[in-house]
Every structure is written in structure tokens, then in C-alpha cells.
A.B. asks: 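Structure incoming, see below.
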Amino acid sequence: MPELPEVETVVRGLRQPLVGRRVEHVWYEREKVIAIPGAEDFAARIVGQTFQAITRRAKYIVCQMDHDVFGVHLRMTGRLYVAVESPADDRWVRLRLGLDNGESLHFSDARRFGRVYLAPDVTAFTQGIGPEPLDDDFTAEVFAERLRGRHRQIKALLLDQSIIAGVGNIYADESLFLAQIHPLRTADTLTGDEMSRLHEAVRHVLNQGIDHEGASVNWYRKPDGERGDSQEHFNVYDRSGQPCLRCGTAVLKIRVTQRGTHFCPNCQREK
DNA sequence: CCAGCCCCCTGTCGGC
DNA sequence: TGCCGACAGGGGGCTG
């Protein structure tokens, strides 16, 4: 659920409270929350390091420390926030980094899918991930080249992080709706115009998602605890049975690669 | 290269 | 009211 816009919103919200703070101690509920290195190494290495900068790569939150990169992947239900203590109603804190000002970075994650990472280089956990869709050099030509010759459903390709970074189930459906492309079309059947439209649509829906500070469909919250507004602006996601906002036809929901997939059968034709 | 399936987890919701 | 199965979907892994 946290996709590129949600992660970007978290990153922006964490910079002010985190940059310049030094880690003084580490607490975690279970070792498994730490993906790399081992839990003991993680704690020993991160203590004493200061947050220098916070950025995003794909759906990873990337914190540049003095000697290492500290990464977080929120997966489905992860939340990050800085506070002296977690709110009484947050039963899901899995890891805390105590800071030099008395506050802590809290990693809360109901479903325990989320992971943290510590490595000298960000590529230790982001190698193989495709281009950032909002970068200036991600042109329509670059996108078309990555899709070229692929005999695979376009929805599956949009979700594949090695093809394009940061797109998840919500923004994939919204992109395909905006570009008026059926989710089951294979990439090798798309015309140049369709690929160009999809390129523009992906960038548009991600930028809109950032402008609305992310989609709080259920678990996602900004670091300040507030909800984003992006879910108020969906055209098809989670709207099955409701009228298409363009033509009035009922939005359909099917399954594509095990994911709920929403589209307008009139605006997005199969062939 | 690709489709399909399982697994990791837990909260929520609809049906009975 | 309580129980139970389905569902949510990011990512990794395995099989055919």
C-alpha cells in the first residue's frame, strides 16, 4: 500500500525531525525485522551514527548515516514516526532507534512484513530495481524500451520493480485507467501512442499522489499521524460496481497476478 | 521468459 | 454476539 507517493511523503516528513540526530540505542521486538546485517551487528553498527540525509529509492526510505545507509521498507502496514513515546493505541511498534534528543524513531508494523536494512551502500538492498519514474531522464523512450518485446500483461509489468520503480497496485490501476489501456493487454501489443500515454499517466498519477500526501486506504499514515488525501481522488481503485467517472459504465474488478485489479470495461478495451 | 502458486503476517469485514 | 473464512497486497521463492 505504501507506494512511491506514500513513501515520498514519509521521507519528506522525517527530514526535519531526523536529520542531525545521532542514534544512541536500539530496541527491537524480534530479530526478523532486521533484514541485513544480523541483529547484533545492526545495533552495534548504527549506534553512534548521525542521520545526514533522507531520500527515497523505489519504495525504500533511504537514510544516509555517517558510514552506512539505513533503509526501511514499509511493505503493507509499516509506519515511521519520531516521538518521545508511541501513542497508547499503537500496539505494533517493532523497532525503535533512540535519538540524542530524547525522541525515538518508531517503526510500527501490524503485519510484520516490513524490514530495515543497514549496509555501506544502498545497492545492497536496491540492486536490480528499475528506473525512477519521476526522474527527468525517465523519458517515454526509456519506458518503451523497457517494455519492448515483452509478452506479459501490462499490469504485471507495472508492478514489477525491476521494470519501473515504485508503482504498486493502486497507482498501477489508476495509470492504466488514465491511459485507457486494459490491464490484461500484453506489452508487445501496445502501440507507440499507447506506451507514450501510459508513460505520461504513470508520472501524472504518482505526482498527484505526492501532491495529496499519499493514499490512506487503511494503514498508511504520514509521520505526523495524519491521513493523506489521495484516496479521495481515485478514478477506479476500490470503486468496483460504481460508475466510471468518465463514461458511467460500472467499474469491474478482476484478479491479475493475484492482485485485485479495477478498470472500466468501456474506456479500457481488451483489444 | 512467463504464469501460477505459496508464503510471510495480522486486522477487518461480511456472512451465518 | 461470536465464530470463520475471505481478503488486503509488496516482495521473495519455487515449479512447470
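To find a chain, count down the sequence lines: A is the first, B the second, and so on, and within it residues start at 1.
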A.B. asks: Would Asp90(A) and His106(A) count as a side chain to side chain contact (heavy atoms under 4.5 Å, CB included) here? Give the steps.
C.D. replies: CA-CA 10 Å; Asp90(A) 186 354; His106(A) 292 73; 5.8 Å; no
A.B. asks: Has Arg94(A) got a side-chain atom pairing as donor or acceptor with Asp109(A)'s backbone, closer than 3.5 angstrom?
C.D. replies: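 Confirmed, Arg94(A) side chain pairs with Asp109(A) backbone.
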A.B. asks: Can you list the residues that meet the side chain to side chain donor-acceptor pair (under 3.5 Å) rule with Arg45(A), with sequence neighbours excluded?
C.D. replies: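 With neighbours one apart ignored, the set is Asp68(A).
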A.B. asks: Toward the 5' end of DNA chain B, which comes first, Arg30(A) or Arg152(A), by nearest nucleotide?
C.D. replies: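 It is Arg152(A), whose closest nucleotide lies nearer the 5' terminus.
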A.B. asks: Quick one: how far along DNA chain B does chain A reach, first to last nucleotide 5' to 3', anything under 4.0 Å to a heavy atom?
C.D. replies: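 That gives a stretch of dC2(B) to dG11(B).
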A.B. asks: Report the stems of DNA chain B as range-with-range entries sorted by first number; a stem here is at least three consecutive pairs, Watson-Crick or G-U wobble, both distances under 3.5 Å, and write none if there are none.
C.D. replies: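 Counting only runs of 3 or more consecutive pairs, the stems involving DNA chain B are B:2-8 with C:10-16, B:10-16 with C:2-8.
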A.B. asks: Can you name the ring-ring contact (aromatic ring centres under 6.0 Å, His included) partners of Phe51(A), sequence neighbours left out?
C.D. replies: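 Per chain and number, Phe51(A) pairs via ring-ring contact (aromatic ring centres under 6.0 Å, His included) with no residue.
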A.B. asks: May I ask you to say what Arg112(A) touches in the nucleic acid, namely base, sugar-phosphate or nothing, with a heavy-atom cut-off under 4.0 Å?
C.D. replies: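 The answer is sugar-phosphate, as Arg112(A) gets under 4.0 Å only of primed atoms, P, OP1 or OP2.
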A.B. asks: Do Tyr81(A) and Asp224(A) make a side-chain contact, defined as non-hydrogen atoms from C-beta onward lying under 4.5 Å apart?
C.D. replies: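 The answer is no; the side chains never approach within 4.5 Å.
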A.B. asks: Give a yes or no on whether a salt bridge exists between Arg57(A) and Glu132(A), defined as a side-chain N under 4.0 angstrom from a carboxylate O.
C.D. replies: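 So Arg57(A) pairs with Glu132(A) through a salt bridge.
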A.B. asks: Over how many whole Å does the gap from Ile61(A) atom CD1 to dG10(C) atom P extend?
C.D. replies: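 Computing the Ile61(A):CD1 to dG10(C):P distance gives 15 Å.
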A.B. asks: Please write out each protein N/O paired with an N/O of nucleotides 5-9 of chain C under 3.5 Å, distance rounded to 0.1 Å.
C.D. replies:
from: dA8(C); atom 1: OP1; to: Lys253(A); atom 2: NZ; distance (Å): 2.1
from: dA8(C); atom 1: OP2; to: Arg255(A); atom 2: NH1; distance (Å): 2.8
from: dA8(C); atom 1: N1; to: Arg111(A); atom 2: NH2; distance (Å): 3.4
from: dA8(C); atom 1: N3; to: Arg111(A); atom 2: NH1; distance (Å): 3.1
from: dG9(C); atom 1: OP1; to: Asn169(A); atom 2: ND2; distance (Å): 3.3
from: dG9(C); atom 1: OP1; to: Tyr237(A); atom 2: OH; distance (Å): 2.4
from: dG9(C); atom 1: N1; to: Arg111(A); atom 2: NH2; distance (Å): 2.7
from: dG9(C); atom 1: N2; to: Arg111(A); atom 2: NH2; distance (Å): 2.7

A.B. asks: Give me the ring orientation class for Tyr171(A) and Phe234(A): parallel if the planes are under 30° apart, tilted from 30 to 60°, perpendicular past 60°.
C.D. replies: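 If you compare the ring of Tyr171(A) with that of Phe234(A), the planes turn out perpendicular.
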A.B. asks: Is a side-chain donor or acceptor of Glu174(A) paired with a backbone partner of Tyr237(A) at a separation under 3.5 angstrom?
C.D. replies: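 The answer is yes, because a donor-acceptor pair under 3.5 Å joins these two groups.
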A.B. asks: According to ring-ring contact (aromatic ring centres under 6.0 Å, His included), who are the partners of Phe143(A), at least two apart in sequence or on a separate chain?
C.D. replies: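 Partners of Phe143(A) by the ring-ring contact (aromatic ring centres under 6.0 Å, His included) criterion, ordered by chain and then number, come out as Phe138(A).
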A.B. asks: Would Arg246(A) pass as a cation-pi partner of Phe177(A), given that its NZ or CZ must be under 6.0 Å from the six-membered ring centre and within 45 degrees of the axis?
C.D. replies: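 Pair Arg246(A)/Phe177(A) counts as cation-pi.
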A.B. asks: Taking the P atom in each of dA6(C) and dC5(B), what is the distance between them to the nearest angstrom?
C.D. replies: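 My reading of the P atoms in dA6(C) and dC5(B) gives 15 Å.
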A.B. asks: Take Tyr117(A) and His73(A), measure what side chain to side chain contact (heavy atoms under 4.5 Å, CB included) needs, and give me the verdict at the end.
C.D. replies: CA-CA 8 Å; Tyr117(A) 306 77; His73(A) 199 302; 4.1 Å; yes
A.B. asks: How close or far is atom P of dG12(C) from atom CD of Gln161(A), stated in whole angstroms?
C.D. replies: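 These atoms are roughly 9 Å apart.
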A.B. asks: Can you measure Ile163(A) atom CD1 to dG10(C) atom C1' for me and round it to whole angstrom units?
C.D. replies: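 About 16 Å, once rounded to whole Å.
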